[in-house]
Amino acid sequence: MVNKITDLAGYLEKYRQSVADPEGFWAEIAESYQWQKKWDKVLDWKFEGESAPDVNWFVNGKMNITENIFERNMSSRKDQVAIIWEPNDPKEPEIRLTYGELFDKVKQFANALLKLGVKKGDRVAIYLPMVPELAVAMLACARIGAIHSIVFAGFSASALADRIIDAEAKIVITSDGGFRGTKSIHLKNIVDEALANCPSVELSVVLKRTEEKVHWEEGRDVWWHEIIEGESTSNDAQAMDSEDILFILYTSGSTGKPKGVVHSTAGYMIFAEYTFKNVFQYNDGDMYWCTADIGWVTGHSYIVYGPLLTGATSIMFEGVPTWPDAGRFWDVVDKYKVTHFYTAPTAIRALIAQGDKWVVDHDLSSLKVLGTVGEPINEEAWRWYHDTIGKSRCPIVDTWWQTETGGIMISPLAGITPTKPSHATLPLPGIQPILVDPEGNELKGNSVEGILCIKFPWPGMLRTTYGDHKRCFNTYFSAFRGLYLTGDGAKRDEEGYYRIIGRIDDVINVSGHRIGTAEVEDAINQHPKVVESAVVGYPHEIKGSGIYAYVICEDLSDREMATIENEIRDTVNKFIGPIAKPDKIQIVSGLPKTRSGKIMRRILRKIGEGDASNLGDTSTLLDPGVVDEIISGAKVEVKR
Ligand code: PRX
């Protein structure tokens with residue numbers, strides 16, 4: 001396979017080359033793609049100044065990512081399966097789409113979108129369950145140069161509306177509903193509610209999945225099956241500039257509403273494929289399964305784009321790990337003889353808690369490589385994954401990356417880089433991490449711990465935050481001059497291996513989902529009885545981090561007191577979705593604030609962690625008594 005590293009010496013050599021001559025390194029990789037017009041210059045970049053990031057890869061190149069998935073692979077892979085779809089209910093038949101069949105569906109839907117008036121550069125919001133049409137919809141957008149903005153179908157109407165409004169989407173693609181375990185979720189109702197507040201949306205395309213009755217708005221709603229009827233399967237790909245936007249994906253930060261991370265076309269394409277084939281060491285004939293939802297970046301890069309560009313067979317799973325029983329993942333591995341399995345630590349921990357009996361009666365001998373992503377993996381979970389699932393013969397790739405990075409940044413290459421539990425190990429070729437102290441001084445050498453930044457551009461990096469470039473600069477490039485700030489703390493150990501410690505900002509990873517504490521606070525504060533709230537993460541055995549909310553309410557009667565916690569959870573559910581519901585809610589009379597009115601979150605975090613023995617300097621607190629009151633009423637046992 002082209003551009004694939006095969007041994008440790010090869011990795012070291014490629015890494016060296018990628019730092020010594022980044023442009024030459026990436027240009028060589030880019031040569032293997034189908035370009036309508038070749039680039040004039042490999043890279044133009046600026047990480048400093050308010051226009052930063054100003055990063056252009058493969059300047060003036062013209063291409064289309066779907067030509068590189070389909071046309072480029074068609075002569076050898078027309079009849080090879082591209083996507084296997086495993087439904088929520090194991091009794092329902094699976095769907096297998098070959099590259100040829102998927103290509104036809106993409107072209108047909110692309111033609112239907114064109115007929116609806118969707119043009120290059122238009123934003124298309126996609127709010128679909130994990131069905132094959134989700135991949136078809138995103139690829140059809142890419143085919144015609146429309147910008148997809150996929151919203152995870154677990155978000156509420158209000159969260160969906162926020163994203164549609166920010167992207168000024170012209171059209172929404174959704175379904176009547178979706179299945180997850182025993183639940184059937186009525187997505188169309190959620191979209192209807194959202195669209196009441198989204199003036200930019202002219203049309204919604206509705207796919208039939210659950211066959212539930214839907215409310216229909218004539219003139220706005222059209223059925224997926226009707227618009228593709230009779231539509232041709234020939235379609236020429238739109239010429240895209242290397243830097244034209246491929247997609248927007250909203251993600252949470254420490255302040256304000258989620259921001260639309262913008263990825264452009266050529267750089268993302270090259271990075272997604274390069275990282276996929278090298279990290280997973282995928283070979284022809286392998287069976288790859290990533291359990292993520294396409295609504296998150298992992299699904300974008302490692303269910304759809306990376307695997308399909310490589311010409312892999314990628315499994316898409318509609319269901320949940322614990323239904324009909326906790327052996328569901330291993331049933332699927334056994335059924336399709338999965339060779340590569342990629343999931344999140346939270347899923348691993350949830351399955352550990354169910355006991356090994358769900359694993360032992362499955363044949364997992366097809367597995368060759370295991371992957372993890374989304375949050376730090378604790379050593380116990382790593383060992384169970386390695387020993388019980390991988391039978392101590394499958395390397396684990398602990399892949400560190402972010403929505404903003406587009407693809408994997410620090411990770412072992414499977415079977416090549418020696419692994420170490422809970423360590424993401426070494427940067428991929430082309431990635432130049434650096435650790436700094438809070439003043440921005442570089443921490444050189446090994447055995448150091450600091451703030452993880454990246455000092456040189458890579459092709460898959462975000463280009464801006466949609467509609468607000470200044471926000472992109474402020475969030476990622478203003479803390480330390482000339483460096484991309486990841487928001488994570490990391491250690492570089494005595495061997496030079498990276499271990500990600502976790503977020504250093506007000507972002508928490510709950511079950512591998514990224515949630516901003518400010519967003520949750522905003523949602524809680526919508527409850528009419530709430531005066532103020534402060535949200536922190538706390539260690540949670542399964543989810544990695546749980547959400548702990550300290551809430552000040554107006555006077556509550558005993559009756560109100562009995563129901564307030566559930567009402568607050570419902571409010572968060574309404575404004576964001578179930579993933580952001582606080583695990584613990586403590587009603588307090590005050591919050592620990594400095595004299596200037598700033599909440600000392602450090603104290604709240606410590607209490608949430610159950611350790612108030614060393615709260616640090618509390619001399620600037622306006623009312624130190626508040627801390628004792630919070631400790632006494634804490635929802636966890638607190639060591640004083
Ligand atoms: O804190 C890091 C954590 O997830 C954050 C990025 O979240 P998101 O943009 O939603 O993307 C998740 C999927 C790529 C990071 O800032 N994270 C991701 N992978 C790891 C990780 N933490 C530790 N180890 C990892 N392998």
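Residues take their numbers from the sequence shown, with the count starting at 1. Order of listing sets the numbers, starting from 1, for every ligand and every atom in it.
Counting the atoms of ligand 1 from 1 in the order shown, those under 4.0 Å from a heavy atom of R514 are 6 (C), 7 (O), 8 (P), 9 (O), 10 (O). In summary, the atoms of ligand 1 found under 4.0 Å from a heavy atom of V373, numbered by their order in the structure, are 13 (C), 14 (C). Short contacts between ligand 1 and T399, defined as distances under 4.0 Å to a heavy atom of the residue, involve ligand atoms 19 (N), 20 (C), 25 (C), 26 (N). Every atom of ligand 1 is numbered from 1 in the order shown, and the set under 4.0 Å from a heavy atom of D488 is 1 (O), 2 (C), 15 (C), 16 (O).
Close N/O approach between T486 and ligand 1 is not found [any backbone or side-chain N/O within under 3.5 Å]. In terms of polar-atom proximity, defined here as any N/O pair under 3.5 Å, R503 does make such a contact with ligand 1. For D398, a nitrogen or oxygen atom sits less than 3.5 Å from a nitrogen or oxygen atom of ligand 1, counting backbone and side chain alike.
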Next on the checklist: Let's go through R605 and E609 carefully: what are the C-alpha distance in whole Å and the side-chain angles of both, what is the deciding distance for salt bridge (charged side-chain N to carboxylate O under 4.0 Å, His left out) to 0.1 Å, and is it a yes or a no?
Outcome noted: CA-CA 6 Å; R605 253 182 246 126; E609 284 164 16; over 6 Å; no
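Residue contacts with ligand 1 for T403 involve both N, CA, C or O and side-chain atoms from C-beta outward (heavy atoms, distance under 4.0 Å). The side chain of N509, and not its backbone, has at least one atom closer than 4.0 Å to an atom of ligand 1 (non-hydrogen atoms only; side chain from C-beta on). Contacts between Q402 and ligand 1, counted as non-hydrogen atom pairs separated by less than 4.0 Å, involve both the backbone and the side chain.
Other residues, nucleotides and ligands contribute at most 12 non-hydrogen atoms within 6.0 Å of the NZ atom of K574. In the displayed structure, K420 atom NZ is contacted under 6.0 Å by more than 12 heavy atoms of other residues, nucleotides or ligands. With a 6.0 Å radius and a threshold of 12 heavy atoms from other residues, nucleotides or ligands, K470 has its NZ atom at or below the threshold. R481 CZ: 12 or fewer foreign heavy atoms inside a 6.0 Å radius.
Aromatic ring pairs are classed by plane angle as parallel below 30°, tilted from 30° to 60° and perpendicular above 60°; the pair H148 and Y305 is parallel.
For P376, the heavy-atom gap to ligand 1 drops under 4.0 angstrom.
Using a 4.0 Å cut-off between charged nitrogen and carboxylate oxygen, D505 and R503 count as a salt-bridge pair. In this structure, D583 pairs ionically with K543, as a charged nitrogen and a carboxylate oxygen lie closer than 4.0 Å.
The closest side-chain donor-acceptor pair between S422 and E379, if any, does not fall under 3.5 angstrom. S301 and Y268 form a side-chain donor-acceptor contact under 3.5 Å, judged by distance and modelled atom types alone.
Proximity annotation for atom 12 (C) of ligand 1: of G371, S252, A344, G374, G374 comes nearest, heavy atoms only. Closest to atom 6 (C) of ligand 1 by heavy atom, among W400, Y498, W296, W401, is W401.
Looking from atom 13 (C) of ligand 1 to the surrounding protein, the closest heavy atom is T298 OG1, 3.4 Å. At the top of the distance list for atom 24 (N) of ligand 1, counting protein heavy atoms only, stands E375 O, 3.4 Å.
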